[in-house]
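Notes to accompany the following structure.
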Amino acid sequence: MIPNSCQSQWPDPQTAQQLAEALLAYYDRQGRSLPWRGEGDLYRIWVSEIMLQQTGVKTVIPYYGRFLERFPSVSALASADLADVLHLWQGLGYYRRARNLHAAALLIRHEQGGQLPQRLEQWQALPGIGPSTAAAILAIGCNQPHAILDGNVKRVLSRYIALREPVESGAGKKILWQMARRLTPSQRPGDYAQAIMDLGATLCTRTKPDCPRCPWQSGCRACQLGEQAQFPVKKGRKKAKPHQFQIATLIQDKEGRLLVCLRPETGLLAGLWEPPGQQLDPTTKPPSLDQVSKQLKAWGISGEKSEFAGVINHTFTHFHLTVYTYRVAYQGGCLTGYKAQEYGWLTEDEIQQLPRSTLHKKIMALGWESGPG
DNA sequence: GAGACGTGGCA
DNA sequence: TTGCCAAGTCT
């Protein structure tokens, strides 16, 4: 039988069962061994699923261990300061996930008496948990027969039926969700969810899929056509990332402490700490020391000396950033002309305790070397 | 539907 | 070097 994406009734129950059994046999034989596998604690599954959103297994593993050591239960997480949660998340990216995880722990303590939900709608009502994560948590954590549809599953299924529809389109997602639901077995749905993600992560990879080892090879349309690379179909090219430019100032007082500011609670790198900075006109060239002292004056700071410390280039999801960094010896004044939620003069050790992004760690690493004066 | 939201790895 | 992406969600 040749599957066809136009036949939305595919697969029939018998075909679905055969595919699930083949996949489970593959999983039993060569599924990956991962820290959250075989885990009975729903909280731990939850944490793993949040960390794994848009993030590779290899990156997540060390964070997962450190996070659970520090916050071993939903109660421990709910009792924690958000800043400490963000500190364990620093470098992992998408910091909104950490804020949502913490917020959800508080909601669970307040509204469920600390008991984790057992129903899909309850999980999906929590911040940071959408349809796929909710399904994954209950499938893996409670062996409930919910279908997941993440990047791996989209790739595997779109290849299996040679789906011409872009996978991120409404029509494409509808077909894939339906297919994912039909394939999800009533027996061992949790293992099945992990098995299909393993398949996508290790055999049915974006480039160079290892079809000969695939338990679904015989029925895979893309493989039959020799067009594995054509799927999943994506929409048109994305726009080029814009390029932004900034100044960052590492202002050091006579005790060697650095002036650091708290970013707003919303938006990019929310709630993380950074040195004072300023957006630059994209057309300007690297600022002169004269421009830097003018900027400091505008903030209300007088600097004794300043010197160029280096350039940091960093790429975010949606733009490139170049940061011209300067070291400044603080002479006097207060940061009255600068918009910051909060700021302070802190030692290197104290700053280590604050949550910072990878970008701002790179910038601040330029500040503890031979300062001016 | 499209864009915001991080980072490191890889072709 | 540049682009794409890896267990998505929210606005």
Side-chain angles (χ1 to χ4, degrees), chain A residues 31-32 34-37 45-64 86 89-101 103-104 123-137 139-141 146-156 166-174 176-177 180 190 192-202 204-208 229 232 234-244 263-264 266-272 312-321 355-362:
Chain A
R32 290 176 294 177
L34 299 171
W36 44 88
R37 289 269 161 94
I45 299 297
W46 172 25
V47 170
S48 76
E49 287 302 323
I50 300 301
M51 287 189 169
L52 287 161
Q53 287 172 352
Q54 300 291 283
T55 310
V57 162
K58 200 173 171 182
T59 303
V60 164
I61 287 174
Y63 282 88
Y64 178 76
L86 287 170
W89 210 271
Q90 60 182 358
L92 194 55
Y94 286 135
Y95 299 95
R96 181 71 164 282
R97 294 181 294 174
R99 306 174 72 85
N100 283 336
L101 195 57
W123 275 109
Q124 213 177 145
L126 292 169
I129 297 173
S132 192
T133 300
I137 291 169
I140 297 168
H146 299 298
I148 59 168
L149 189 63
D150 65 356
N152 286 311
V153 180
K154 283 177 185 166
R155 186 168 54 256
V156 170
V167 291
E168 66 271 55
S169 69
K173 279 191 287 192
K174 188 177 174 187
L176 292 172
W177 268 114
Y192 172 85
Q194 298 184 83
I196 194 166
M197 288 192 283
D198 264 22
L199 182 61
T202 63
C204 195
T205 48
R206 187 171 62 88
T207 58
K208 297 188 208 164
K234 300 283 186 178
K235 289 187 180 178
R237 296 168 196 159
K238 287 158 190 168
K239 294 177 196 167
K241 290 179 165 71
H243 198 147
Q244 291 186 198
R263 292 179 62 87
T266 58
L268 187 70
L269 308 177
L272 304 188
I312 300 293
N313 283 298
H314 191 82
T315 299
F316 291 99
T317 310
H318 49 300
F319 66 97
H320 299 289
L321 180 62
R356 291 172 298 158
S357 70
T358 299
L359 165 67
H360 295 298
K361 282 187 179 182
K362 285 195 278 187

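So that the names make sense, note that chain A is the first sequence line, chain B the second, and so on, each numbered from 1. Small disclaimer: the values here were computed from a predicted structure and weren't measured.
Residue A:Gly200 is out of contact with every strand shown, counting any heavy-atom pair closer than 4.0 Å. Among the heavy atoms of the strands lying under 4.0 Å from A:Val57 is at least one base atom, whether or not backbone atoms are also near. Among the protein residues, A:Lys361 comes within range of no part of the nucleic acid, since none of its heavy atoms lies under 4.0 Å from any strand.
Not one side-chain nitrogen or oxygen of A:Arg155 sits closer than 4.0 Å to the OP1 or OP2 atom of C:dC5. Within the structure, every side-chain polar atom (N or O) of A:Lys173 is placed at least 4.0 Å from both OP1 and OP2 of B:dG1. Listed pair A:His318 / B:dA4 fails the phosphate criterion, with no side-chain N or O lying under 4.0 Å from OP1 or OP2. Taking 4.0 angstrom as the limit, A:Lys154 places none of its side-chain polar atoms (N or O) nearer than this to OP1 or OP2 of C:dG8.
Protein atom CG of A:Leu199 is 14 Å distant from nucleotide atom P of C:dA6, rounded to whole Å. Following rounding to the nearest Å, A:Tyr63 (OH) and B:dG6 (C1') show an atom-to-atom distance of 10 Å. Nucleotide C:dT2 holds its P atom 17 Å from the CZ atom of A:Phe319, rounded to whole Å. Between A:Leu101 atom CG and C:dG8 atom C1' there is a gap of 14 Å when expressed in whole angstrom units. The distance from atom CD of A:Gln194 to atom P of C:dA6 is 19 Å, rounded to the nearest whole Å. In this structure, the CH2 atom of A:Trp123 is 17 Å from the P atom of C:dG8, given to the nearest Å. Protein atom CD1 of A:Ile61 is 17 Å distant from nucleotide atom P of C:dA6, rounded to whole Å. Remark: P of B:dC5 and CZ of A:Arg99 are 13 Å apart, rounded to the nearest angstrom.
Distance noted for atom P between C:dT9 and B:dG8: 23 Å (whole Å). B:dG3 and C:dC4: their P atoms are spaced 14 Å apart (whole Å). To the nearest whole angstrom, the two P atoms, one in C:dC5 and one in B:dA2, are 16 Å apart.
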For side-chain contact (heavy atoms from CB on, under 4.5 Å), just list the numbers for A:Phe316 and A:Leu269, CA-CA rounded to whole Å, side-chain angles, deciding distance to a tenth of an Å, and then say yes or no. CA-CA 11 Å; A:Phe316 291 99; A:Leu269 308 177; 4.1 Å; yes

Between A:Ile129 and A:Trp46, is a side-chain contact (heavy atoms from CB on, under 4.5 Å) present by the stated rule, with each step listed? CA-CA 9 Å; A:Ile129 297 173; A:Trp46 172 25; 3.4 Å; yes

Go through the steps to decide whether A:Tyr64 and A:Leu34 satisfy the test side-chain contact (heavy atoms from CB on, under 4.5 Å), and finish with yes or no. CA-CA 11 Å; A:Tyr64 178 76; A:Leu34 299 171; over 6 Å; no

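The 5' end of DNA chain C is approached more closely, in terms of each residue's nearest nucleotide, by A:Trp36 than by the other of A:Gln124 and A:Trp36. If you find the closest nucleotide of DNA chain B to A:Glu168 and to A:Gln53, the one lying nearer the 5' end belongs to A:Glu168. Nearest-nucleotide positions on DNA chain C place A:Leu34 closer to the 5' end than the other of A:Leu34 and A:Arg96.
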All N/O pairs under 3.5 Å across the protein-nucleotides 7-11 of chain B interface:
from, atom 1, to, atom 2, distance (Å)
B:dT7, OP1, A:Tyr95, OH, 2.9
B:dT7, OP1, A:Thr358, N, 2.7
B:dT7, OP1, A:Thr358, OG1, 3.4
B:dT7, OP2, A:His314, NE2, 2.8

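With sequence neighbours left out, the side-chain hydrogen bond (donor to acceptor under 3.5 Å, both in side chains) criterion links A:Gln194 to A:Arg37.
For A:Lys235, the side-chain atoms get nearest to B:dA2 when compared with the rest of B:dG6, C:dT9, B:dA2.
Judged purely by distance below 3.5 Å, without hydrogens or angles, the side chains of A:Thr55 and A:Arg97 pair a donor atom with an acceptor atom.
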